[in-house]
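Below: the structure, in structure tokens.
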Amino acid sequence: MKYQPDESGGDAPEQPASLSIAARAMASLRPEAAAYSSGLNPEQRRAVEATEGPVLVLAGAGTGKTRVLTTRIAHLIATGKARPYDILSVTFTNKAAREMKHRIGALIGPAGEGMPWLGTFHAIGTKILRRHAELVGLKSDFTILGMDDQLRLMKQVILDQNIDEKRWPARALGSVIDGWKNRGLLPEQVPPGEAQAFAFGKGGALYSAYQARLATLNAADFGDLLLLCLKLWRENPDVLENYQNRFRYILVDEYQDTNVAQYLWLRLLAQLRKNVCCVGDDDQSIYGWRGAEVDNILRFEHDFPGAVVVRLERNYRSTGHILAAASGLIAKNESRLGKTLRTEAEPGEQVTVTGAWDSEEEARGLGEEIEQLQRKQHPLSEIAVLVRISAQMREIEDRFVQLGLPYRVIGGPRFYERAEIRDALAYLRITANPADDLAFERIFNTPKRGLGDATLQVLHAYSRAERIPILAASRKIIETDELKPRARTMLRGLVESFTRWARLVGAQPHSEVAQTILEESGYTDMWKKDRSADAAGRLENLKEFVRSMEEFPDLGAFLEHVSLVMEASETEGADRVSLMTLHAAKGLEFDTVFLPGWEDGLFPNQRALDESGRAGLEEERRLAHVGLTRARKRAKLSFAVNRRIHGMWNSTIPSRFIDELPPGAVEVLDAPAHFQAGASRFDRNPTPFGSSYGTPGWQRAQANSGGGNFGASRGPSGRSGGPRQIEGELVAKSTGSASSFQEQMRVFHTKFGPGTVAAVDGNKLTVDFDKAGRKMVLDSFVQPG
DNA sequence: TCTTTCTCAATTTTT
DNA sequence: TTGAGAAAGA
């Protein structure tokens, strides 16, 4: 990856003329008359206009946080207090950065477009590191490692240190090291006690070894992008001073999500001028588990004495009932700065709570309610289903598929994380940088070239001994008798290909080079020959991948983009229900929000409770608060009394959060109407599922319903043993009688191949497969043949 | 070296 | 129940 000089003014202090005429003209206007700030409420205006000194903006959900941030930037530029390149503006996600750029552009026109220092922590860290790489032991074209590279590297280090990978898996140790990096700790700064606590006392040594490997590879992982900035600044005060002077104003979005490293990073930069404005909401801090420190926001006034604190409490998003529910809930948290959201909107519909017998019925009810909304012309794109864990999605998706309800999953596997894309990228990375060992290892036997572990071991040993990259080692080894003839031939082919491809770079447009590489390496053919269902999709992805390269000036720029951004342009527009985790929902809003799975153990999640105790519970509660505040008009909670966890049915109790909602804002619904009629005959049956009715959670739910008859009337049906089996049987019977298979019939099964029917039992067949032996299968999976 | 079978674990996830 | 990753078999 090459460093791309930034023409938009990264070094702009030398060219002050870049302030546009329009901006200068706007600067002459009195601020209160400026168009960009019209329509701000008094608090927002205060947050925008308090430009000097430290400012903390506590912006509750839906109070116009982004508006304040962008207007503040516009204000700084329009009043001439700062030029675009004087402002450092950091966000967490690329999406937020993009949105901010867009909105600033809309406010002040092209003058804001060249904001070179608006970006994610990591993007800005990268930019800074590339300029001073040699001061921290890297070259300016260092590679940025993704998570899978990181894992591969970690495995090697573990192997080197002779640590049992079963006791200390690479994943676990990787996250320990990440944790240290998040806290701004270099290997030598890790407290000895902690360094000893992992991997048989070798935790610290492992970290050092890992960093050493990174340095030899001329690579940095995500944590390094910040950590090495800290190192750079601490060891080179002159460099730090340069940046302290350069950034006259600093703005931080989502401050509650900053970790210690980011906090230190900001504090170093802000130390001199102290013009730092942090915007955040302690009630929306939901990333504690990956190092975010709510304390950063709780401590702001202490760290920056004399800080102006502005509270944004006017909510422009949700109706009264939704806001009341969310506020009532979050008020149960003890560690918070405290805000009270207000709205002038109508109370609207109450938040609904629905109980279901099991998660399947919950999903069914969900589908039903969405279809009802759909019939009332409610756009699907304004409906979201927010779940606590991704595992909840499957059942819901199944239901949507059955109903033919269009939906999209947000935050699934990202484009650049797909295997085929990572493979393609690996080919390009080695072509661009022959020293990229991790990329080489990824694809040297993909597609299959008969090169396996044994060959890799030989290459590794040689490359270590000679201190050269693996590709260079390969080049030498194929001239010796080190490898078996077959492996040598295959390796020679590969090495020669890379030499050839490297020559193409620069000579041909880079997307064509990529196309050539993918074809000549046999990679595309590999997928063309693949018979599995998703092969076609993968080929499609590869095409899209090559196409997306055209947007970049050269291969280096493309690879840099990919390593930092990891997401492809989204296809917007279609009218679909959105399905995502609560975490992924932060920052989004919808007219109607469904919140299924509010059961103790699932939400609040047991693991969060076990691992972090009260702090964990509070974070879960904040998550609930985030979920509720996503809704503009309707929030619909539900829980199931039985849920399958890891394939086993467990009985569950409603979430304690349900009880914490202010009763006035909540309406407890009976089970879905479609279920009532069929279930009524079971109403007189006593407690069909034993203990559940007597549990505290159930009683809480009953008490909350006011009438105390919650659940009883809908009678979760005396379907003892769970509805699944019964339903399964019903299905079996209804189709079973019509089974068109008979004994001795020849059949074909997509997985087991051809076979002969040995017995028929309803829709279940016992088949003697020619290859797979005797199996019991459902008739719908076989064809007569 | 490639393929099949088995074992074991199992939030949340951006950069 | 499902999936990934490792051991065992071909």
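The chains referred to below are lettered A, B, ... by the order of the sequence lines, with proteins before strands, and numbering in each begins at 1.
A residue-by-residue look at A:N605 and A:T120 shows that A:N605 has its nearest nucleotide of DNA chain B further toward the 5' end. For A:K448 and A:W289, each mapped to the nucleotide of DNA chain B holding its nearest heavy atom, the one lying further toward the 5' end belongs to A:K448.
Base contact: A:M147 has a heavy atom under 4.0 Å from a base atom. At the heavy-atom level, A:R388 lies under 4.0 Å from base atoms of the strands shown. Contact annotation for A:E620: base contact, defined as any heavy-atom pair under 4.0 Å involving a base atom. Nucleic acid contact class of A:E254 (heavy atoms, under 4.0 Å, all strands): none. Counting non-hydrogen atoms under 4.0 angstrom, A:N445 reaches the backbone sugars and phosphates but no base. Here A:N94 lies in heavy-atom contact (under 4.0 Å) with sugar-phosphate atoms only.
If you check the side chains of A:E362 and A:S638, you find a donor sitting under 3.5 Å from an acceptor. In the model, A:Y263 has no side-chain atom that pairs as donor or acceptor with a side-chain atom of A:E293 under 3.5 Å. If you check the side chains of A:Q150 and A:D178, you find a donor sitting under 3.5 Å from an acceptor. Between the side chains of A:D141 and A:N218, at least one donor N or O sits under 3.5 Å from an acceptor N or O.
Taking the six-membered ring for Trp and thresholds of 30 and 60 degrees, A:F558 and A:Y416 have ring planes more than 60 degrees apart, a perpendicular arrangement. Between A:W289 and A:H583, the ring planes are perpendicular. Angles over 60° get that label, and only those under 30° would be called parallel.
Listed by residue number, the members of residues 451-461 of chain A with any heavy atom below 4.0 angstrom from DNA chain B are A:G452, A:D453, A:A454, A:T455.
Rounding to the nearest 0.5 Å gives a distance of 5.5 Å between CD of A:Q262 and NE2 of A:H122.
Comparing the P positions of C:dG5 and B:dT12 gives a spacing of 16 Å, expressed to the nearest Å.
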Item to check | Steps toward side-chain contact (heavy atoms from CB on, under 4.5 Å) verdict (A:D221, A:D224) | outcome: CA-CA 5 Å; A:D221 65 17; A:D224 287 343; 3.2 Å; yes

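Taking the 5' to 3' direction, DNA chain B first and last meets chain A under 4.0 angstrom from a heavy atom at B:dT1 to B:dT15.
Geometrically, A:R213 does not engage A:Y210 in a cation-pi contact defined by less than 6.0 Å to the ring centre and at most 45° from the axis.
Rounding to whole angstrom units, CZ of residue A:R643 and P of C:dT1 are separated by 17 Å. Atoms CE (A:M393) and C1' (C:dT2) sit 16 Å apart, rounded to a whole Å.
Base orientation of B:dT12: anti, the glycosidic angle falling outside 90° of 0.
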